[in-house]
Novice: 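One structure, as structure tokens, below. Some questions next.
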Number of protein chains: 6
Amino acid sequence: MKIQQPKEKRVGDSVAEMTQIVLPNDTNMLGHLLGGTLMHWIDLVGAVVANRHCRKLVVTAAMEGLDFHSPIRLGHLAILKGRIHCVGTSSMEVGVEVYSEDTLSGEHFHTSSAILTYVAVDALGRPSPVPGLIVTGDEESIRFREAMDRRENRLKRLRKDQSP
Amino acid sequence: MKIQQPKEKRVGDSVAEMTQIVLPNDTNMLGHLLGGTLMHWIDLVGAVVANRHCRKLVVTAAMEGLDFHSPIRLGHLAILKGRIHCVGTSSMEVGVEVYSEDTLSGEHFHTSSAILTYVAVDALGRPSPVPGLIVTGDEESIRFREAMDRRENRLKRLRKDQSP
Amino acid sequence: MKIQQPKEKRVGDSVAEMTQIVLPNDTNMLGHLLGGTLMHWIDLVGAVVANRHCRKLVVTAAMEGLDFHSPIRLGHLAILKGRIHCVGTSSMEVGVEVYSEDTLSGEHFHTSSAILTYVAVDALGRPSPVPGLIVTGDEESIRFREAMDRRENRLKRLRKDQSP
Amino acid sequence: MKIQQPKEKRVGDSVAEMTQIVLPNDTNMLGHLLGGTLMHWIDLVGAVVANRHCRKLVVTAAMEGLDFHSPIRLGHLAILKGRIHCVGTSSMEVGVEVYSEDTLSGEHFHTSSAILTYVAVDALGRPSPVPGLIVTGDEESIRFREAMDRRENRLKRLRKDQSP
Amino acid sequence: MKIQQPKEKRVGDSVAEMTQIVLPNDTNMLGHLLGGTLMHWIDLVGAVVANRHCRKLVVTAAMEGLDFHSPIRLGHLAILKGRIHCVGTSSMEVGVEVYSEDTLSGEHFHTSSAILTYVAVDALGRPSPVPGLIVTGDEESIRFREAMDRRENRLKRLRKDQSP
Amino acid sequence: MKIQQPKEKRVGDSVAEMTQIVLPNDTNMLGHLLGGTLMHWIDLVGAVVANRHCRKLVVTAAMEGLDFHSPIRLGHLAILKGRIHCVGTSSMEVGVEVYSEDTLSGEHFHTSSAILTYVAVDALGRPSPVPGLIVTGDEESIRFREAMDRRENRLKRLRKDQSP
């Protein structure tokens, strides 16, 4: 399955992984990682994936609904893994999975699944075309199709936002 | 219109407003505010609203889909206004509107509309009941009903996430 | 009562409010907000007010004596409200009131009253004229007159500093 | 000249010096150090001096009027020197002189003179006695007397603040 | 090849990778990543590796000589990969390789090779035993032997430091 | 003893001292200063010394082996003293001694001795010549000779790194 555009890339070409230690200033009164700090890290990882796919400056255009299933504690690790799902003309959808790692027991928990849309831009901030995406295997194809559906919903949402 | 619970509060009792100046470290190579930094500020304002409603510790449970309509530039202001939409037993939905202010021209732009769910917790991190919400007027009622629909969708989404 | 200058503005045109959550890194060993961090926030709010009045770059020129009446604790809120008092050719005096909010009890305390002077500057950092200020009502007039007295003292202080 | 209290110390026993490099996030749009960041550093140096005199936890109680004579630029150094002026039962007045150093030319400028009052506290935050101060020579004596005058003014100001 | 100790682990059990985007506040006047910020990130990655090997609190005990071969620029990525080399009773030697990634061209450069020693500690900060390390293959064996030599030199250096 | 180059300077012309208070975000779960944060501060002090000697932009080229003898605790002070050891054509070796100060007891401990190499660069980042160093007295001469030995080792190490 292929989307026609110059310099196509594979999903594996732009994966990214980030490990963060939860330090005191990242936590609330319970010693749990602040939701907003986690969103900040999710956005950084997603931006690295989008950038690796297009090798241009990228800006965050949207974030899909996001649930926080379990807290990440002070001194533990947040592990974030990003992967591109689908591309438009200048937009890219990226998924970021978040896991916590208990530094003493070694236990892992799945904490959140985030989906973000980035737009490639030129030096003046105008949208700029991105390479096509080569999708292989069932898993990538399913993710691709789900992402295309979300993209349509997102474009509808934007049109609704712009009409008073 | 009333939801039955002890110490009910009005929407106006918990509104919050935050003004942030975009400093160099908050920006990307284009001099635009990082999406993740804005999400972090949105979460802080939302948490203040939720906390003011319940006067307990609160944790972020979910964020709805979020679009970034226009960039906020280095040196400009981000103005964030939060307001409670609806409450469950221990959860609260909060809306945060984001505006940018051009510090030289004074122009304002609507940048994002975020919707977050917070859960009140006790000192051990267990869910804890929140006061009811008194909703008055058409606008608050519409927001309340839309929020209740989202809440149902969110609970469905969570059940789906938990079944492999 | 009016001060003659182009594009006069009212006091209400430039008011600003900021809400900050006291996070671990903002506190000393007692879990109290650091005095210096509060001064930093006071300066940011004051700069927003001065900027809104003149819509030019502003630099901090002076801060009047400042007392810290009661500590603001970890996890509580600092609420800062800024308002312009009077203007000179290129200088503006701004007052910032600081309140703490106990996030669990909802109690408020008045923590500090700060008075700062900002100077509007052009892109090269040279002083630049600011709009006049329209002062209405007794309260604004009293504040205006007190500010003019402080301005005179400040200019005297500066002249004294410059003579060895 | 001596003030009667246990474990008296000399002025030289508690002097402190801090050097800071002005990094991008410390600057405004002109590339000048933010006034609030400088106040934050002034408070840190002053707290070190007060702590060295009393060897107890200290909290900032007040800051006297403060002028910013010249900007400190991005990449340059801020050099802060603190020295104790006088002591009360549990309060200490500290002076902090700020100099800028141009890293390329080596030129120094005197930027600000700050005067702060700290209070020694015990682990519960209650005022706690401080050692007396041994003042020697004309310069230290003059500073001591001026500080005692300011202390009286400050106490008057506080009494006025507390009466509505 | 095996070192006798309870719960031995393999080198692959504790590898860690971190990706960091170079933001404005991490850079000097040339827009290059500050050496000290890179050292800070190296130490975080090394601590994650050491922690994953022993699942105890770890403290940094030493860093070997470190060269910075080429600068990492503002907006580019720093990629850090850590791997355990050898273990003592309570100490662990970890190697961290640093690569830069040009976000626009995709080019990679090897920037630094760091070697750090961590000590596992209990809740009171006292040294605590660590699991043995299973070393397999020529590469891991060479690294192990080189690390044991460095460890001996380091212990000599410490003894020399402690004798006046 | 003199090294021939324009505008020679003495060791005392470029000494630098920095005092840092250990705040919550600088510490690990034991309340000890993070090794990486200390390395960051060491690099800042060393850069100030190198900059004061050459009055040009400087970049960190290398750090020698570094041991951490004793932890610095939350709320205590880290005192860093930097001094130039020797100079090459465009490189400078700087030593930084680190001491901790217990803020309540006043006790001092020697924590680390760091040795760093900086290179002076022009606005394009190319190596740029530095003034000669005037070394006087036995202590400065010994340090100078030891530094010259390390420099030779470092250059050998670099040549080895560059050959695969």
Side-chain angles (χ1 to χ4, degrees), chain C residues 26-47 50-51 56-73 80 96 110 112-119 121-126 150 153-155 157-162 164, chain D residues 26-47 50-51 56-73 96 110-119 121-126 150 153-155 157-162 164:
Chain C
D26 306 325
T27 62
N28 63 14
M29 301 289 285
L30 293 164
H32 295 175
L33 177 61
L34 293 167
T37 303
L38 181 52
M39 291 180 212
H40 185 46
W41 293 344
I42 287 170
D43 180 51
L44 288 177
V45 171
N51 170 272
K56 301 187 175 183
L57 295 174
V58 301
V59 297
T60 315
M63 192 186 223
E64 294 297 310
L66 175 67
D67 295 300
F68 299 98
H69 302 309
S70 63
I72 309 184
R73 287 170 201 285
L80 300 100
V96 178
H110 180 247
S112 290
S113 300
I115 293 171
L116 303 104
T117 304
Y118 295 88
V119 172
V121 293
D122 61 20
L124 298 172
R126 292 170 309 196
R150 272 189 300 266
N153 287 335
R154 206 193 133 240
L155 295 175
R157 204 167 64 197
L158 281 176
R159 278 192 291 271
K160 197 179 125 200
D161 277 6
Q162 278 156 6
Chain D
D26 305 325
T27 62
N28 63 14
M29 302 290 286
L30 294 163
H32 294 176
L33 178 61
L34 293 167
T37 303
L38 182 52
M39 290 180 214
H40 184 47
W41 294 343
I42 287 171
D43 180 53
L44 288 178
V45 171
N51 170 272
K56 300 187 175 183
L57 295 174
V58 300
V59 297
T60 316
M63 192 186 223
E64 294 297 310
L66 175 66
D67 296 300
F68 300 98
H69 302 309
S70 64
I72 310 184
R73 285 168 204 286
V96 178
H110 180 246
T111 297
S112 291
S113 300
I115 293 171
L116 303 104
T117 303
Y118 295 88
V119 172
V121 294
D122 62 20
L124 298 171
R126 292 170 308 196
R150 274 189 299 267
N153 287 333
R154 208 194 131 239
L155 293 176
R157 205 167 64 199
L158 280 176
R159 277 192 291 271
K160 198 178 126 201
D161 277 7
Q162 278 156 5

Novice: Residues two or more places apart in sequence or in another chain: which of them pass side-chain contact (heavy atoms from CB on, under 4.5 Å) with D122(C)?
Specialist: L124(C), R126(C)

Novice: With sequence neighbours left out, write down each residue that passes salt bridge (charged side-chain N to carboxylate O under 4.0 Å, His left out) with R73(D), or none if nothing qualifies.
Specialist: none

Novice: Please report the C-alpha distance between L30(C) and L57(D) in whole Å, then the side-chain angles of each, then the deciding distance to 0.1 Å, and finally whether the side-chain contact (heavy atoms from CB on, under 4.5 Å) criterion is met.
Specialist: CA-CA 8 Å; L30(C) 293 164; L57(D) 295 174; 3.7 Å; yes

Novice: Quick one: of E64(D), H110(D), H32(D), who has the most non-hydrogen atom pairs under 4.5 Å with chain C?
Specialist: E64(D)

Novice: Need one label for A47(C): side chain, backbone, both or neither, based on atoms under 4.5 Å from any heavy atom in chain D.
Specialist: neither

Novice: Does anything in residues 35-42 of chain D get under 4.5 Å of chain C by heavy atoms, and if so which residues?
Specialist: G35(D), G36(D), T37(D), M39(D), H40(D)

Novice: Can you tell me how far OG1 of T60(C) sits from CG of L66(D), rounded to the nearest 0.5 angstrom?
Specialist: 9.5 Å

Novice: For R150(D), give me all partners under salt bridge (charged side-chain N to carboxylate O under 4.0 Å, His left out), at least two apart in sequence or on another chain.
Specialist: E93(D)

Novice: Need one label for V121(C): side chain, backbone, both or neither, based on atoms under 4.5 Å from any heavy atom in chain D.
Specialist: side chain

Novice: Using non-hydrogen atoms only, which part of A114(D) is less than 4.5 Å away from chain C: side chain, backbone, both, or neither?
Specialist: neither

Novice: To the nearest 0.5 angstrom, please state how far the CZ atom of F68(D) sits from the CG atom of D43(C).
Specialist: 7.0 Å

